[in-house]
Enquirer: 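I'd like to ask you about the structure that follows.
These numbers come from a predicted model, not from an experiment. Per chain, numbering begins at 1; letters A, B, ... match sequence-line order. Note: hydrogens, waters and symmetry copies are ignored here, and every other heavy atom, side chains too, is used.
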There are 2 protein chains.
Amino acid sequence: MRSDAERNRTQILDAARALLVDDGELSLSKVARAAGVGQGTLYRHFADREALIGAVYTAEIDDLALLAHQMASGDDAVAGLRSWLARLADYAIVKRGVMTAVSTSTWTDVSAGTRGRLGVAVTELLDAGQDAGAFREDVDARDVILMTWFLTQVTRDEWDQRVPRLLDVLVDGLRPGS
Amino acid sequence: MRSDAERNRTQILDAARALLVDDGELSLSKVARAAGVGQGTLYRHFADREALIGAVYTAEIDDLALLAHQMASGDDAVAGLRSWLARLADYAIVKRGVMTAVSTSTWTDVSAGTRGRLGVAVTELLDAGQDAGAFREDVDARDVILMTWFLTQVTRDEWDQRVPRLLDVLVDGLRPGS
DNA sequence: ACCTGAACACCGTTCAAGT
DNA sequence: ACCTGAACACCGTTCAAGT
């Protein structure tokens, strides 16, 4: 990688991160402009918007994967999943767009059923709970992530009042039988 | 309402409906073009995209509100909500964009807590269940709708395999105590 | 009253030409 | 090998001018 390419890449990522934080939207033109880079350069580094968002949130994805992995070896899978979801929610409120990255890193190719880094870690966490009889046997990692998609619709002012309750509803729903 | 205005309105709605069904997206320019109408005319009839989507799905919203009302007077609130959610899901897979209309018709103004037609009906259904001790006391209509947002992320090929299970997870999660 | 369509300020994406 | 920026085909929104 040439040094100018390296520099451009990080400038693009910084610009994208900044725009995501305070705009919530991600105009690729704006990113290129803010990064001081030609339009084509952006496309050379990132195939599409999803790839860019994914790259912006690598650190967060790694955090979440590590945490899921740790929770999988704890003795209370339900509490583990609940904590993990709380962390996910923390990211979701601050880092807008992170759900896209989380989603693709869980199930990279839906039709093929291909799991990404995060998918493997969440599966681990879920499996641990299922072995202990704490979760229904028929749910998978993508189910869990799908059910967290409501986070993208919750507004800031109702967040504290709603999100903890809804995460409880979700975790309760994942429990077996009844 | 002048007769040409009336005709334009229905042509816009027809065009929008058609585009939503087979594109899934709703370009306002395309709508105007397909309706054979000037750009300004579209804006005269519908303030913004949300208003247009809402108008397209009035019939569906009415159906859902009526059904919720009927279910509210049934004797099994849990089964009632489950059926209602199944109907919602049916709309969500065919009529893309309907979740937007459902959402705004449930909670028209989040910060003010203003409920729309559908909000009233779903509240009724929820209240009936809460009185019977079938649902947690602390959830409201917006909670339920928020939790159904995952429907917008499910692809067609995984739909049958995933959605029924996820609706069960949701309904289970809404039950009290545990 | 209502409609039209040009005008404005934006997009995403591509690709020849440059270094 | 990588970058630039013009070019293309689109957007959403507004508003003078028309009927």
Enquirer: Closer than 4.0 angstrom, basic N to acidic O: yes or no for D14(B) and R17(B)?
Expert: yes
Enquirer: Given dG12(D), dC2(D), dC11(C), identify the nucleotide with an atom nearest to the side chain of K30(A).
Expert: dC11(C)
Enquirer: dC2(D) P sits how many Å from Q11(A) CD, rounded?
Expert: 16 Å
Enquirer: Counting Watson-Crick and G-U wobble pairs only, both distances under 3.5 Å, name the nucleotide matched with dG12(C), or none.
Expert: dC8(D)
Enquirer: In whole angstrom, give the distance that lies between atom CG of L19(B) and atom P of dC11(D).
Expert: 10 Å
Enquirer: Select one nucleotide: of dT4(C), dA6(C), dC3(D), the one nearest the side-chain heavy atoms of Q39(B).
Expert: dA6(C)
Enquirer: Using a cut-off of 4.0 Å on non-hydrogen atoms, how would the nucleic acid contact of R33(B) be classed: base, sugar-phosphate, or nothing?
Expert: sugar-phosphate
Enquirer: Taking a pair as Watson-Crick or G-U wobble with both distances under 3.5 Å, which nucleotide is matched to dA17(D)?
Expert: none
Enquirer: A5(B) or A47(A): which one's nearest nucleotide on DNA chain C is closer to the 5' end?
Expert: A5(B)
Enquirer: Side chain of S29(B): nearest nucleotide among dG12(D), dT4(D), dT4(C)?
Expert: dG12(D)
Enquirer: Would you kindly give the CZ-to-C1' distance between F46(B) and dT14(D), to the nearest whole Å?
Expert: 19 Å
Enquirer: Between dC2(D) and N8(A), is there an OP1 or OP2 to side-chain N/O distance shorter than 4.0 Å?
Expert: no
Enquirer: Can you tell me if R44(A) touches the phosphate of dC2(D), counting only side-chain N or O atoms and a distance under 4.0 Å to OP1 or OP2?
Expert: yes
Enquirer: Output yes when D140(B) and R142(B) qualify as a salt bridge under the 4.0 Å nitrogen-oxygen rule, no when they do not.
Expert: no
Enquirer: Starting at OH of Y43(A) and ending at C1' of dT4(D), how long is that distance when rounded to a whole Å?
Expert: 15 Å
Enquirer: Would you say dC3(D) has OP1 or OP2 under 4.0 Å from some side-chain N or O of H45(A)?
Expert: yes
Enquirer: Can you check the D48(B) CG to dC11(D) P distance for me, whole Å?
Expert: 18 Å
Enquirer: Flag the pair D23(B) and R96(B) as a salt bridge only when some basic side-chain nitrogen lies within less than 4.0 angstrom of an acidic carboxylate oxygen.
Expert: no
Enquirer: Atom CG of D4(B) to atom P of dG18(D): distance rounded to whole Å?
Expert: 19 Å
Enquirer: Under 4.0 Å between a side-chain nitrogen and a carboxylate oxygen: does that hold for D172(B) and R82(B)?
Expert: no
Enquirer: Check for me whether R162(B) meets the cation-pi criterion with W107(A), that is, NZ or CZ under 6.0 Å from the six-membered ring centre and within 45 degrees of the ring axis.
Expert: yes
Enquirer: Could you tell me whether S27(B) contacts a base, only the sugar-phosphate backbone, or nothing, with contacts defined as non-hydrogen atoms closer than 4.0 Å?
Expert: sugar-phosphate
Enquirer: Let me know the distance between CZ of R2(B) and C1' of dT19(D), rounded to the nearest Å.
Expert: 8 Å
Enquirer: What is the pairing partner of dC3(C), taking Watson-Crick or G-U wobble pairs with both distances under 3.5 Å in any strand?
Expert: none
Enquirer: Return the nearest nucleotide to the side chain of L28(A); candidates are dG12(C), dA1(D), dC2(C).
Expert: dG12(C)
Enquirer: Going by atom types alone, do Y43(B) and D48(B) pair a side-chain donor with an acceptor below 3.5 Å?
Expert: no
Enquirer: Round to the nearest Å and state the distance from L42(B) atom CG to dC11(D) atom P.
Expert: 13 Å
